[in-house]
2 protein chains.
Amino acid sequence: MDVRRGVIIVSVTIKDVAKAAGVSIATVSRVLGKTKPVSSELEMKVRQVIKELGYVPNEVARSLITNSSSSIGVIVPKLEYSVSGSWLRGVERFARLQGYSVILTVSDGQTDKEIESFNVMQQKRVDGVIWSAVDFSEDHGTFLADYPIPVVAVGQDFEPYGIPSVVFQNGKIGYDATRYLLKLGHKRIAMIAGNMRDSSSGKDRLEGYRKALREAGITEEETLVAVGDFTMDSGYECMKKLLPYGPTAVFAASDTMAIGAMHYASQAGIRIPDELSVMGVDNLEICQHLNPTLSTVDYDAGELGTTAARLVLKMDQEDSKAQCLSVPHKLVIRDSVREIGGCY
Amino acid sequence: MDVRRGVIIVSVTIKDVAKAAGVSIATVSRVLGKTKPVSSELEMKVRQVIKELGYVPNEVARSLITNSSSSIGVIVPKLEYSVSGSWLRGVERFARLQGYSVILTVSDGQTDKEIESFNVMQQKRVDGVIWSAVDFSEDHGTFLADYPIPVVAVGQDFEPYGIPSVVFQNGKIGYDATRYLLKLGHKRIAMIAGNMRDSSSGKDRLEGYRKALREAGITEEETLVAVGDFTMDSGYECMKKLLPYGPTAVFAASDTMAIGAMHYASQAGIRIPDELSVMGVDNLEICQHLNPTLSTVDYDAGELGTTAARLVLKMDQEDSKAQCLSVPHKLVIRDSVREIGGCY
DNA sequence: CTGAAAGCGCTAACAA
DNA sequence: TTGTTAGCGCTTTCAG
């Protein structure tokens, strides 16, 4: 018991503790779970024996009977993005504080892997799953229709599909950034949008951009919009396409793409911000160390994770209908943008 | 049974399946586990019922009896570093392929949180834990001495403490990078080292640097070494300290610090690489989009994770003594370095 | 090949 | 306050 007998390791069970302490297993269970009163005399005795024997409760057995594994599942499409790390961190922090642990799977944004993950989560009887989604297909719909575990989506608003969601206000992010550029006097504002499959940070930021232009009475030019995939390389390529059309400012749906864009522009001999203003989204650490420093939109990714975790655990307690929570953002102005005169 | 009765959800068990299929639960178990032969007639029947009822096996119950939760625990100090994401991804990939899932905890590099995590992992009866360590204290030693679950360390060589480890060859990374700069003719090579607590990427890369200088017959100057903490800000600050001593090249223990260093140097009016060569380590995506593009050391972080996962699961099968595996690296030469003449 | 039955380690009535 | 006991859902002998 907690001793290597040959190669086999036999671990101490509640029974061993009970026997050694001269009490019933129920009593031991009670001091562990603090669920029912136990005389302080026995409690002391039991605690001592637990320490002596190095007893560690078997959470698996407990889970079987309580029908809760005190863990929450997280499905992410990518881990390489530092944003994933930040909100995941938020989930973990909240989970840990509540005595839950996190089971992590990576989907590469593929529906079949996501479904597989949902299945694993169900097998492991997690108490809730947080799903960093890419899109919502018919397959998702039919599968999730009778999924017995609370699910919250993160990053995409799936409330219309009945899935509670926690998001950044991507439409507003695009709108706010573009309005800011307009206010500085820019009229030819280009946009480097993200992959449309990632409907929210891709599509909604673009929509926000369009709305701002519309409100300003500016007709959108198709040639001033390019679509990347959130990599720096794609930002570089998009800038290459955009530059010939003479934008005075460019708004990229992510800092990574903004960085690629700045890179291309510099190479092309364009001075930033004198000849071209640039804005990104995400507020990566690097923004302050670029030359010029990059203006961007900042939000609290950790908060997104924390909120999602709180929500999914609450759903486990009480039934409430789907809602969509959002985490605020704000502009961070640095040196990559400038005001321009009336004419261009 | 997989049906919402009021608010309570009762899930289908193996018993329900057995009853509906008109067989014993043992038979159902056998078709699930493929452990013993079952007549194809019954098997078909059972499979059909499983589908009809939407039965999902309870992995918790299975774990209790098999004494294996088919999951592996991962303890990381930080998630914000993109490197964490990469090797974690490697772990997840391998785990998934082997039918395991990943339980993740974040320690912030604090010993007490690490110990807590190890405890949680034990309670959950994971089959192995992968520990991205920061340092090995006495507390770790006494705690791990009779820890009943296989542990492998990642990023630090704890083989001397009896813990199998998977690492990058940090000494060699520092050595190779420095030798390369020496070969280009540099004699005043500065180093921005990392936090010494993170003994390996901090200390060992510095050691490698020193060794290369020694071998080249160059006396190390204390003023040419500054210590950062792997953030860009710290790289910036270190460069500020280093510059007055007139290095012709600087080797930073991470790309992030190299970026901060480049930033300061540019601001100070130093042209890179004409007046100062810069090298980093990590080969972040950004390296190719800096101006100039950053020379660095590349390694396969995913491979580190995969190797660690493979190792820890193997330990679960067979007892083998502690070993230290390493993942190779290579120099990536870009525009931030240049050859210099005989005199400086 | 199949079924009955004995647990895995623990919690939660139910008695005492 | 404490102990006895019946399972949680599943795997696995052990007999058929």
Side-chain angles (χ1 to χ4, degrees), chain A residues 1-2 8-47 49-50 53-70 99 122-127 148, chain B residues 1-2 8-47 49-50 53-70 99 122-127 148:
Chain A
M1 322 207 167
D2 201 16
I8 310 297
I9 300 172
V10 182
S11 63
V12 188
T13 75
I14 198 173
K15 240 176 181 166
D16 302 317
V17 176
K19 197 183 298 171
V23 300
S24 73
I25 61 169
T27 301
V28 178
S29 174
R30 290 195 265 256
V31 346
L32 257 63
K34 300 169 188 178
T35 165
K36 290 256 174 143
V38 175
S39 71
S40 58
E41 188 187 10
L42 283 192
E43 173 165 357
M44 215 134 71
K45 179 68 186 156
V46 169
R47 289 202 185 284
V49 171
I50 285 178
L53 264 46
Y55 168 68
V56 176
N58 187 330
E59 176 69 30
V60 175
R62 170 183 271 150
S63 296
L64 182 58
I65 182 158
T66 61
N67 204 30
S68 143
S69 61
S70 58
Q122 185 177 355
Q123 284 166 214
K124 301 256 190 223
R125 297 300 193 263
V126 301
D127 299 300
Chain B
M1 323 211 169
D2 200 16
I8 310 298
I9 300 173
V10 183
S11 62
V12 188
T13 74
I14 199 174
K15 240 176 182 166
D16 302 317
V17 175
K19 200 182 297 172
V23 300
S24 73
I25 60 169
T27 302
V28 178
S29 174
R30 291 196 263 256
V31 347
L32 257 63
K34 300 169 190 180
T35 164
K36 289 257 174 141
V38 176
S39 72
S40 58
E41 188 186 12
L42 283 191
E43 172 165 359
M44 217 134 69
K45 178 70 186 157
V46 168
R47 289 203 184 285
V49 170
I50 285 178
L53 264 47
Y55 168 67
V56 176
N58 186 329
E59 175 69 30
V60 175
R62 170 182 271 149
S63 295
L64 181 58
I65 183 158
T66 61
N67 204 29
S68 144
S69 62
S70 58
Q122 185 177 355
Q123 284 168 212
K124 302 256 188 218
R125 297 299 193 262
V126 301
D127 299 301

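Hydrogens, waters and symmetry mates play no part in the numbers below; they use all other heavy atoms, side chains included. Throughout, protein chains are lettered first and strands after them, A, B, ... in sequence-line order, and every chain is numbered starting at 1.
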(request) Specify the closest pair of heavy atoms between Gln122(B) and Pro148(B), including all atoms of both residues, with the distance to one decimal. (result) NE2-CG, 3.4 Å
(message) Rounding to an integer number of Å, can you tell me how far Tyr55(A) OH sits from dG9(C) C1'?
(response) 7 Å
(request) Show your reasoning for whether side-chain contact (heavy atoms from CB on, under 4.5 Å) applies to Asn58(A) and Thr13(A). (result) CA-CA 8 Å; Asn58(A) 187 330; Thr13(A) 75; over 6 Å; no
(message) Salt bridge check, Glu43(B) against Arg47(B): does any charged N sit closer than 4.0 Å to a carboxylate O?
(response) yes
(request) Taking the side chain as every heavy atom from C-beta outward, state whether Val60(B) and Val60(A) have any atom pair closer than 4.5 Å. (result) yes
(message) Looking only at the side chains, is there a donor atom on one of Lys124(A) and Ser69(B) sitting less than 3.5 Å from an acceptor on the other?
(response) no
(message) Any side-chain N or O of Ser63(A) below 4.0 angstrom from OP1/OP2 of dC8(D)?
(response) no
(request) Starting from P on dC10(C), measure out to CD1 on Ile25(A) and report it in whole angstrom. (result) 9 Å
(message) How many whole angstroms separate atom CG of Asn67(A) from atom C1' of dC10(D)?
(response) 14 Å
(request) Can you pull out how bent the helix from dC1(C)-dG16(D) to dA16(C)-dT1(D) is, comparing the axes over its first five and last five pairs, to 10°? (result) 40°
(request) Grab the two heavy atoms, one from Asp16(A) and one from Ser11(A), that are nearest each other, plus how far apart they are. (result) OD2-O, 4.0 Å
(message) Can you measure Lys15(A) atom NZ to dT5(D) atom P for me and round it to whole angstrom units?
(response) 13 Å
(request) To the nearest Å, give me how far apart CD (Gln123(B)) and P (dG9(C)) are. (result) 16 Å
(request) Taking only the side-chain heavy atoms of Ala61(B) (C-beta and beyond), determine which of dC10(D), dC1(C), dT11(D) contains the nearest atom. (result) dC10(D)
(message) I need the Thr66(A) OG1 to Arg125(A) CZ distance, nearest 0.5 Å.
(response) 12.0 Å
(request) For Asp127(A) and Ser70(A), work out which heavy atoms get closest and say how close. (result) OD2-N, 2.8 Å
(message) Both Val56(A) and Lys36(B) contact DNA chain C. Which one's nearest nucleotide lies toward the 5' end?
(response) Lys36(B)
(request) Between Ser24(B) and Ile65(B), name the one whose nearest nucleotide on DNA chain C is closer to the 5' end. (result) Ser24(B)
List the atom pairs, donor and acceptor, that lie under 3.5 Å between side-chain atoms in residues 29-40 of chain B and the rest of the protein, sequence neighbours left out.
{"from": "Ser39(B)", "atom 1": "OG", "to": "Leu42(B)", "atom 2": "N", "distance (Å)": "3.3"}

(request) Would you mind reading off the distance between Lys34(B) atom NZ and dC1(C) atom C1', rounded to a whole angstrom? (result) 19 Å
(message) In this structure, how many angstroms lie between the C1' atom of dT2(C) and the NZ atom of Lys19(B), rounded?
(response) 19 Å
(message) Looking at every heavy atom in both Ile25(A) and Lys15(A), which two are closest together, and how far apart are they?
(response) CG2-CA, 3.8 Å
(request) Choose from dT1(D), dT2(C), dG9(D) the nucleotide whose nearest atom is closest to any side-chain atom of Leu64(A). (result) dG9(D)
(message) Without decimals, in angstroms, what is the distance between Arg125(A) CZ and dG9(D) P?
(response) 9 Å
(request) With heavy atoms under 4.0 Å as the rule, sort Val60(A) into base, sugar-phosphate or nothing. (result) nothing
(request) Strictly below 4.0 Å, heavy-atom distances to any atom of DNA chain C: list the hits from residues 26-33 of chain A, or just say none. (result) Ala26(A), Ser29(A), Arg30(A)
(request) Counting heavy atoms from C-beta on, name the nucleotide in dG3(C), dG9(C), dG3(D) closest to the side chain of Val23(A). (result) dG3(D)
